[in-house]
Amino acid sequence: MATAAVVGLIFAGCAGSGHSTTHRPAGDDVDRRAMDHRFTSPEAFASEWNSAARNQWQKPEEIVAALGLSPGATAADLGAGTGYLIEFLRAAVGPEGRVLALDVEPAMIQFLDERKSDGGWDNVEVRQSAHDDPGLGSATVDAVVTLNTWHHIAGRTAFARKIHAGLSDDGGRFVVVDFIAEPTPGRGPPMEMRLAPDVVIAELEAAGFSATVAEETLPRHYIIVATRSSGGDTASKP
Ligand SMILES: C[S@@+](CC[C@H](N)C(=O)[O-])C[C@H]1O[C@@H](n2cnc3c(N)ncnc32)[C@H](O)[C@@H]1O
């Protein structure tokens, strides 16, 4: 199999495409397959996911800029996977800041723990989170990013409410970066798993955020910046 095809399958996370539905309904009535997909082999993904070549098209500096981080801030990476974004987040928050690497998958957590034990990640906390809860509690982080992961989460509006509650201040940001809802040959999830930006924005606004599509130059992704606003904390709602 050609390298590009391998990379495509890896970033698809799920092989096969089936029918194409680019505009799924907003809210919580999502396909449970999003939640069912597992990433149990970090070693198989790491060389591609963590490669320097990825920076050319993933443009992590634009993703991190969208978070509006200051030195000393606490940032969480939801669905951290093999830790691609962690170094970029560490650079943005500096040695006084903190980075949370969250993932549901035990194999990913083990992989991240091993990276941490290799040294240099003193201000990184690796934490297993739940499928339906980022586990941030109340007002604990300044910003949250999720890269290539939002489409894997079921019950997204309820989940986003918990992220809203986890942000410590009004103005705190939740940044969603995901594949566009158009074919991106060789990379990305099957069309039926993709979420159009307007769908994501509706989910985030239903959770109490103000959300907009950011300007960016990523060839296959959109960046949505959701900002915590007063009165939008609806975590206790069903
Ligand atoms: C396609 S990978 C992306 C990994 C990384 N963000 C990247 O772009 O390299 C999706 C990751 O999200 C994790 N994941 C899926 N559902 C999740 C959830 N509800 N909460 C946290 N992580 C989740 C998976 O275990 C997997 O590691």
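Just so you know, these numbers come straight off a predicted model, no measurement behind them.
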Indicate the atoms forming the closest heavy-atom contact of [X] with [Y], along with that distance.
| X | Y | result |
| --- | --- | --- |
| A207 | A160 | CB-CB, 3.5 Å |
| T149 | G79 | OG1-O, 3.6 Å |
| K59 | P219 | CE-CD, 4.4 Å |
| M108 | P42 | SD-CB, 3.6 Å |
| P197 | V213 | CB-CG2, 4.0 Å |
| A101 | I86 | CB-CD1, 3.8 Å |

Heavy atoms, side chains only, cut-off 4.5 Å: are [X] and [Y] in contact?
| X | Y | value |
| --- | --- | --- |
| N123 | P95 | no |
| N148 | H221 | yes |
| V64 | L89 | yes |
| T146 | F159 | no |
| L218 | V177 | yes |
| R220 | R187 | yes |
| V141 | L167 | yes |
| L100 | L136 | yes |

Roughly how far, to the nearest 0.5 Å, is the [atom2] atom of [Y] from the [atom1] atom of [X]?
| X | Y | atom1 | atom2 | answer |
| --- | --- | --- | --- | --- |
| R194 | H151 | CZ | NE2 | 8.5 Å |
| I153 | E203 | CD1 | CD | 10.0 Å |
| S138 | K162 | OG | NZ | 13.5 Å |
| E125 | D122 | CD | CG | 13.0 Å |
| H152 | E105 | NE2 | CD | 11.5 Å |
| S51 | Q58 | OG | CD | 10.0 Å |

Is there a path of hydrophobic side-chain contacts, each under 4.5 Å between heavy atoms, that joins [X] and [Y]?
| X | Y | result |
| --- | --- | --- |
| L112 | V99 | yes |
| I180 | I201 | yes |
| L102 | W150 | yes |
| Y222 | F174 | yes |
| W57 | L85 | no |

- Query: Under the side chain to side chain donor-acceptor pair (under 3.5 Å) rule, what pairs show up with a residue in residues 72-85, not counting sequence neighbours?
  - Reply: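 Those involving residues 72-85 are N50-T82, N55-Y84.
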
- I would like to know whether L195 and V176 meet side chain to side chain contact (heavy atoms under 4.5 Å, CB included); could you show each step before the answer? CA-CA 11 Å; L195 302 166; V176 177; over 6 Å; no

- Message: Closer than 3.5 angstrom, by distance alone: can the side chain of E205 be matched with the main-chain N or O of S210 as a donor-acceptor pair?
- Response: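 Absent.
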
- Short side-chain to backbone donor-acceptor contact, D103 and G81, under 3.5 Å: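 Yes: the side chain of D103 pairs with the backbone of G81.
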
- Between F179 and T184, does a side chain to side chain contact (heavy atoms under 4.5 Å, CB included) hold up when you go through it step by step? CA-CA 8 Å; F179 279 90; T184 51; 4.0 Å; yes

- In terms of the angle between their ring planes, are H164 and F209 parallel, tilted or perpendicular, with boundaries placed at 30° and 60°?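 Rings of H164 and F209: perpendicular, over 60°.
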
- Message: Applying ring pair (Phe, Tyr, Trp, His ring centres under 6.0 Å) to F39 and W49, what does each step give before you reach the verdict?
- Response: CA-CA 12 Å; F39 291 85; W49 285 11; 5.8 Å; yes

- Query: When I224 is tested against each of L204, D178, V175 for side-chain contact (heavy atoms from CB on, under 4.5 Å), which residue passes?
  - Reply: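 Passing option: L204.
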
- Decide side chain to side chain contact (heavy atoms under 4.5 Å, CB included) for W121 and D113; before the verdict, give the C-alpha distance in whole Å, the side-chain angles of both, and the deciding distance to 0.1 Å. CA-CA 10 Å; W121 278 16; D113 275 336; over 6 Å; no

- Query: Is it true that E48 and R54 have a side-chain N and a carboxylate O under 4.0 angstrom from each other?
  - Reply: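 No, this pair does not count.
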
- Message: Would E61 and F88 count as a side chain to side chain contact (heavy atoms under 4.5 Å, CB included) here? Give the steps.
- Response: CA-CA 7 Å; E61 69 286 353; F88 300 101; 5.9 Å; no

